[in-house]
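The structure under discussion appears below in the form of structure tokens.
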Amino acid sequence: MLLLSTCRTFCVRCNHLKPVLLHCHDEGGFFFPFFFRNDTHEPNLLVAREKHLRRHIDDRLNYEARPHVQTTAPWKAPIMWEGMFDVHFYDKLHIQLRSSVALTVFAVGRYLDVYCKNFLTSAEKHFMLGLPVTYYVFTDSPKQVPTIKLGPERSLKVIQVERYTRWQDISMMRMRMISEIIESEIAHSFTYVFCFDVDQVFKGRFGSEALGDSVALLHAHYYKKPSHMFTYDKNPKSQAFMATGDFYYHAAIFGGSWKNVKNLTDACYLSITQDKSNDVEALWHDESHLNKYFWLNKPSKLLSPEYCWDWQIADMSDIRLVRLEWAPKHYDTLRTE
């Protein structure tokens, strides 16, 4: 579909804005000036087109499709629930945008033996299908990482890490390790990064609709509770201290553009090291620091508990599709102090 319209655009020859008659091209429900078409070859215009698409990719969400749940944050960020989006629309646009995803996961100690294989094999069935994906598995036992069959444009890279004596230190130090791998590798090859806990199993589509500049997950155990029940760190001596907040976020999943994820991990690691220097440890370790970061730096997209569900929660009235489930926990045998 073509439209004719008059607008002001920047003229590279005149070096100023001037009114021009534009031929607009209809693409997936968005209207773009002629220079945003697929056959554009001017590098600067291609970059502008890509930024425009990414900025407006969520404009077609149907917020009224889920009237019984909260579908937007107070700052207008969408909360993604089943039924709000067209999966084919998202997949088509992200393929067109050449989006690619790095997934980081830590499998240290017995977590590698108990959870890693199920996590990776289920991810191959449900995570970002149709897009290039590389799994970055951080482990203290590289030779024990299971071999799994990978689809086209999917790869796996194993990164050896130190095994800390305390599981809390493993949990918190992952922020530094994620930042380092983003800087050394991911920033040069991938559009997005998603960071997961390994003790989870994909059960349904976890697709391109979840991609965004800065993505946080609503904690399944707290999304219906009043804010005074959120387990923020209430110790004023900690950098993670929060008196109040918008939501309680689950650190089992967070993501976004590589740049935003690096900003998050750098900020959390700095706060963690400051706490350590003051002999302080946040209540829920890296999750407490993550909640503080998202309080100060609002995420652009929130994932509903459908993206990470615990079957021990009795009330499933809001859950239409479980996309990722908590695996059974065996903390008494998996964790060491």
Side-chain angles (χ1 to χ4, degrees), residues 100-129 131-203 206 250-255 258 261-262 264-266 268-269 272-273 276 285-287 290 308 324-337:
S100 54
V101 186
L103 183 157
T104 71
V105 65
F106 283 71
V108 179
R110 292 209 59 225
Y111 278 79
L112 174 62
D113 303 325
V114 176
Y115 297 118
C116 191
K117 185 174 183 178
N118 284 341
F119 177 87
L120 293 173
T121 55
S122 65
E124 273 300 282
K125 295 178 182 177
H126 301 293
F127 181 74
M128 302 295 167
L129 300 185
L131 296 181
V133 172
T134 293
Y135 303 103
Y136 286 87
V137 179
F138 294 77
T139 182
D140 58 327
S141 303
K143 293 183 179 179
Q144 303 303 315
V145 174
T147 301
I148 63 170
K149 185 178 180 180
L150 297 170
E153 296 190 286
R154 318 274 284 198
S155 60
L156 186 150
K157 184 162 186 176
V158 178
I159 306 207
Q160 186 165 7
V161 297
E162 176 184 354
R163 181 177 180 180
Y164 290 87
T165 304
R166 301 168 65 249
W167 68 266
Q168 293 94 333
D169 292 325
I170 298 171
S171 175
M172 292 189 289
M173 290 306 105
R174 69 170 177 160
M175 293 296 185
R176 172 177 60 82
M177 299 172 197
I178 293 171
S179 174
E180 290 175 348
I181 198 63
I182 290 174
E183 183 173 359
S184 63
E185 292 192 25
I186 292 173
H188 309 291
S189 304
F190 296 92
T191 320
Y192 298 99
V193 186
F194 259 90
C195 308
F196 284 84
D197 283 352
V198 72
D199 51 349
Q200 305 176 103
V201 180
F202 291 90
K203 305 300 289 186
F206 198 117
H250 195 177
I253 304 171
F254 59 92
W258 67 262
V261 175
K262 188 174 190 311
L264 182 156
T265 54
D266 285 345
C268 288
Y269 179 62
I272 289 167
T273 55
K276 285 178 116 19
H285 316 106
D286 60 334
E287 185 168 273
L290 177 137
C308 187
L324 186 75
E325 67 178 17
W326 295 23
K329 314 298 183 185
H330 307 287
Y331 294 145
D332 54 335
T333 58
L334 290 171
R335 290 179 172 178
T336 57
E337 292 297 328

Run the side chain to side chain contact (heavy atoms under 4.5 Å, CB included) test against [X] and tell me which residues pass, sequence neighbours left out.
X      : answer
Ser189 : none
Leu129 : Arg154
Ser155 : Thr134
Gln144 : Leu112, Ser141

Could you tell me the separation between the [atom1] atom of [X] and the [atom2] atom of [Y], rounded to the nearest 0.5 Å?
X      : Y      : atom1 : atom2 : answer
Glu325 : Asp199 : CD    : CG    : 11.5 Å
Leu324 : Lys203 : CG    : NZ    : 10.0 Å
Thr121 : Lys149 : OG1   : NZ    : 13.0 Å
Ile272 : Thr265 : CD1   : OG1   : 10.0 Å
Cys195 : Ile182 : SG    : CD1   : 6.0 Å
Leu290 : His285 : CG    : NE2   : 14.0 Å

Any chance the rings of Tyr115 and Phe119 have centres within less than 6.0 Å? no
By side-chain hydrogen bond (donor to acceptor under 3.5 Å, both in side chains) - contacts of [X] (at least two apart):
X      : answer
Tyr192 : Arg54
Gln200 : none
Asp140 : none

Work out which heavy atom in [X] is nearest to a heavy atom in [Y]; give both atom names and the distance.
X      : Y      : result
Val137 : Ala107 : CG1-CB, 4.4 Å
Glu287 : His250 : OE1-CD2, 3.1 Å
Asn118 : Val201 : CB-CG2, 4.3 Å
Leu150 : Leu156 : CD1-N, 3.8 Å
Cys268 : Met175 : CB-CG, 3.9 Å
Val198 : Cys116 : CG2-CA, 3.8 Å

Working note: Arg174 + Asp197, criterion side-chain contact (heavy atoms from CB on, under 4.5 Å); need CA distance, chi angles, decisive distance, verdict. CA-CA 11 Å; Arg174 69 170 177 160; Asp197 283 352; 3.3 Å; yes
Looking only at atom types and distance, does a side-chain atom of His188 sit under 3.5 Å from a main-chain N or O of Glu183, one as donor and one as acceptor?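 Side chain of His188 to backbone of Glu183: a pair is present.
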Sidechain-backbone polar pair: Ser179 side chain, Lys262 backbone, donor-acceptor under 3.5 Å: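 No.
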Not counting sequence neighbours, which residues clear ring-ring contact (aromatic ring centres under 6.0 Å, His included) with Phe127? List them please.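 Partners of Phe127 under the ring-ring contact (aromatic ring centres under 6.0 Å, His included) test: Phe196, Phe202, Phe206.
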If we check ring-ring contact (aromatic ring centres under 6.0 Å, His included) with Phe106, which of these qualifies: Phe138, Tyr135, Tyr136?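 Among the candidates, only Phe138 passes.
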Among residues two or more places apart or on two chains, list those pairs meeting salt bridge (Lys or Arg N to Asp or Glu O under 4.0 Å) that have a residue in residues 185-194. Lys157-Glu185
